[in-house]
Amino acid sequence: MKSFSNRYIYIYSTVLVVVVAAILAIVSMVLRKPQDNNIKAEQMQMILQAANKTVERVEAEKVYNNYVTTELGVKANGEVVAKYTNGKQELGDIRPFSLNIKDEYKKYKANNNDAVLPVFVYTKEDGESIYVVPVRGIGLWDEIWGYVALKSDANTVENVVFDHAGETPGLGGNIKDDPSFPASFVGKTIFEGDDFVSIAVEKRVGKDNPHKVDALTGATLTSNGVSDMLKESLKFYVPYFKSLKK
Amino acid sequence: MDSLNIFIKSIFVDNMIFAFFLGMCSYLAISKTVKTSMGLGLAVVFVLIVTVPVNYLIDHYLLQKGALTWISKDFADVDLSFLSFIIFIAVVAGIVQLVEMFVERYSPSLYSQLGIFLPLIAVNCAILGCSLFMQKRDYSNIGEVFSFAFGSGIGWLLAIVGIAAIRERLKYSNIPPALKGLGIAFIITGLMAIAFQAFSGIKL
Amino acid sequence: MANNKKLITTPFSKENPIIVQVLGICSCLAVTVKLQPAVVMALSVTVVVMMSNLFISLLRNTIPPRIRIIVQLVVVALFVILVDQFLKAFAYDVSKQLSVYVGLIITNCIVMGRLEAFAMSNKPLPSLLDGLGNGLGYGIILVIVGFVRELFGFGTLWGYRVLPESFYNAGYENNGLMVMPAMALILVGIIIWVHRNKNKELVENE
């Protein structure tokens with residue numbers, strides 16, 4: 001085996017590191033855009049899905065711009081601090097769509113009053129407004145999240161959509177994979193009179209209870225996670241929803 | 001989530017071996033006797049509780065999007081997270097080397113027990129995996145990260161010592177020849193994983 | 001030429017990286033719940049092994065032995081990051097399913113093992129082929145496990161339903177155990193059993 005001087009080793013490693021770093025930096029810059037677009041398109045697709053509009057990922061942005069005409073940034077006291085309508089920022093300086101929901105939820109959980117979460121206003125063909133809000137929580141293994149769409153009365157569920165990071169496929173993973181689970185939320189209500197009650201996921205509740213849906217078989221803890229997620233996340237929006245009802 | 005909860009969860013529920021199959025290679029190769037597997041297990045715990053918090057700090061203050069704001073507000077948009085794999089593995093390899101030198105210098109007796117395992121650990125996927133999970137799961141402070149690393153290490157130790165004990169006994173049992181050694185080790189690990197499923201969802 | 005062909009074919013059975021060399025088990029089992037991520041993982045690993053084998057083999061005479069492990073790690077990490085970035089950009093859904101396991105290709109012992117055992121002492125072309133062979137040998141186990149788990153665990157293949165509705169009406173149920181991590185281990189154990197029954201010389205005598 002050849003022997004190498006220390007100097008050679010230093011130069012060798014420096015050159016290697018610089019070359020590798022340069023390649024990575026270039027690739028990451030070139031691919032950043034399609035990557036961000038993927039994430040954005042997925043989010044738009046989910047929002048549309050929540051409002052009962054199923055689209056392909058590639059179409060998502062176009063359809064989204066057509067139907068989701070207004071995005072709002074809302075605080076826990078119901079105050080609207082940001083508004084983005086028809087491609088123009090009308091209030092505040094951050095577009096609600098680009099809010100980091102994860103970070104804002106963290107603030108909210110830490111009882112920080114600065115937390116701002118988005119409301120997406122989807123306008124149906126017949127002119128009815130659907131309010132789509134993000135929800136976020138913890139399942140059995142990892143995070144679960146989704147969007148809840150409420151009809152213009154800010155009470156009745158139009159549709160919901162869930163996703164998860166690592167629930168067991170075939171059991172807890174069914175919150176996403178089994179279409180009958182999100183479908184069971186349709187038509188439920190989150191208010192009883194003026195009181196916020198959320199929608200609970202419990203065992204054997206049948207179809208008729210307006211505030212409860214059936215839990216998934218074999219996935220009690222994921223189901224509980226969905227229950228807690230809805231209660232905690234929707235609570236944030238209660239003052240805003242109440243202001244809509246007036 | 002508090003630290004104790006994370007600790008218990010990472011031992012039993014998110015067990016590195018039974019739930020994520022991390023560190024399987026050395027797990028299968030070194031688990032022939034309890035004594036050596038104990039040594040390897042301790043070395044893994046040790047390296048984990050050093051590398052994961054260090055990687056957390058690096059991720060938090062250098063790599064994440066907006067992590068560099070402590071230097072200047074202008075860096076708020078810099079996102080170096082594409083470098084995280086390479087930095088994490090370099091940190092792991094570097095720290096393993098350092099730990100090895102320290103242990104050799106200050107505790108020869110520990111070195112003679114752990115020494116041969118330390119170089120192996122740099123390429124043990126449980127170590128890098130733990131750092132990557134840490135990055136993905138967004139723990140809120142270093143205490144939680146520490147208990148996650150410690151718990152994962154203990155969980156790994158538990159698994160390897162468990163299988164080593166079983167394999168020591170298996171020498172005396174009558175296994176079909178083709179299944180001897182590797183084959184039966186896989187199947188037993190599978191059965192142990194089923195047993196650990198019973199822990200899923202425990203919360204304190 | 002005959003030698004080159006052998007480089008590709010032996011890793012399929014006699015020197016299979018998973019069931020004989022016991023390399024790279026870590027990142028493989030967790031992605032085999034369904035067929036699609038298993039195939040993508042197999043392809044990613046193949047690409048990484050091939051490229052880093054080729055690269056290290058080209059550099060082999062310039063690498064100072066004292067820092068060779070770290071040089072190998074850096075080269076492997078480079079290709080893994082490239083694969084990860086491409087998946088995120090062009091196969092986003094799959095990259096979500098594979099999550100951290102793409103990163104773990106770095107510590108996948110197959111890659112490091114082949115670099116040490118083969119690429120450091122062989123010419124570029126054989127190294128490339130050796131990488132291809134080992135990547136595919138690894139892939140075939142992944143695909144078998146993924147096939148069985150998806151078929152019995154979900155009744156689907158590649159996301160399409162293959163078991164007819166009449167099976168379910170007749171009382172057939174998807175096997176929930178198949179989707180658990182434990183079943184992947186047991187399946188690999190069974191594959192080893194069958195394989196060693198066919199290749200008696202591999203049987204371990206303790």
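Computation of the quantities below employed the complete heavy-atom set of this structure, encompassing side-chain atoms and omitting hydrogens, waters and symmetry-equivalent molecules. Proteins come first, then strands; the chains are lettered A, B, ... in the order of their sequence lines, and each starts at number 1. For clarity, every value in this text was computed on a predicted model and none was experimentally measured.
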*Drop me the distance from D84(C)'s CG to Q35(A)'s CD, to the nearest 0.5 angstrom.*
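Rounded to the nearest 0.5 Å, the CG-CD separation comes out at 8.0 Å.
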*Please round to the nearest 0.5 Å and tell me the distance separating atom CG of L82(C) and atom OG of S28(A).*
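Rounded to the nearest 0.5 Å, the CG-OG separation comes to 10.5 Å.
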Are the side chains of [X] and [Y] in touch, meaning some heavy atoms are under 4.5 Å apart?
{"X": "V19(A)", "Y": "L78(C)", "answer": "no"}
{"X": "Y92(C)", "Y": "R57(A)", "answer": "yes"}
{"X": "V74(C)", "Y": "L16(A)", "answer": "yes"}

Please indicate whether [X] has more than 12 foreign heavy atoms, meaning atoms of other residues, nucleotides or ligands, lying under 6.0 Å from its [atom1].
{"X": "K107(A)", "atom1": "NZ", "result": "yes"}
{"X": "Y12(A)", "atom1": "OH", "result": "yes"}
{"X": "F147(C)", "atom1": "CZ", "result": "no"}
{"X": "W193(C)", "atom1": "CH2", "result": "no"}
{"X": "Y147(A)", "atom1": "OH", "result": "yes"}
{"X": "R7(A)", "atom1": "CZ", "result": "no"}

*For D163(A), which residues count as a salt bridge (Lys or Arg N to Asp or Glu O under 4.0 Å) partner, sequence neighbours excluded?*
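By the salt bridge (Lys or Arg N to Asp or Glu O under 4.0 Å) rule, D163(A) matches K176(A), K96(C).
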For residues 48-56 of chain A, dump all side-chain donor-acceptor pairs below 3.5 Å to protein atoms at least two apart in sequence or in another chain.
| from | atom 1 | to | atom 2 | distance (Å) |
| --- | --- | --- | --- | --- |
| N52(A) | OD1 | N159(A) | ND2 | 2.8 |
| N52(A) | ND2 | E158(A) | OE2 | 3.2 |
| K53(A) | NZ | Y67(A) | OH | 3.3 |

Nearest heavy atoms of [X] and [Y], plus distance in Å:
{"X": "V27(A)", "Y": "Q85(C)", "value": "CG1-CB, 4.4 Å"}
{"X": "I9(A)", "Y": "P64(C)", "value": "CG1-CB, 3.7 Å"}
{"X": "A89(C)", "Y": "L31(A)", "value": "CB-CD2, 4.1 Å"}

*Verify, without hydrogens or angle tests, whether Y8(A) (side chain) and T62(C) (backbone) share a donor-acceptor contact under 3.5 angstrom.*
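Yes, Y8(A) side chain to T62(C) backbone: donor-acceptor pair under 3.5 Å.
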*Show your reasoning for whether side-chain contact (heavy atoms from CB on, under 4.5 Å) applies to V75(C) and V20(A).*
CA-CA 8 Å; V75(C) 171; V20(A) 166; 6.0 Å; no
*asked:* So which residue, V17(A), I39(A), D36(A), ends up with the most heavy-atom pairs under 4.5 Å with chain C?
replied: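 Greatest number of close heavy-atom pairs with chain C: I39(A).
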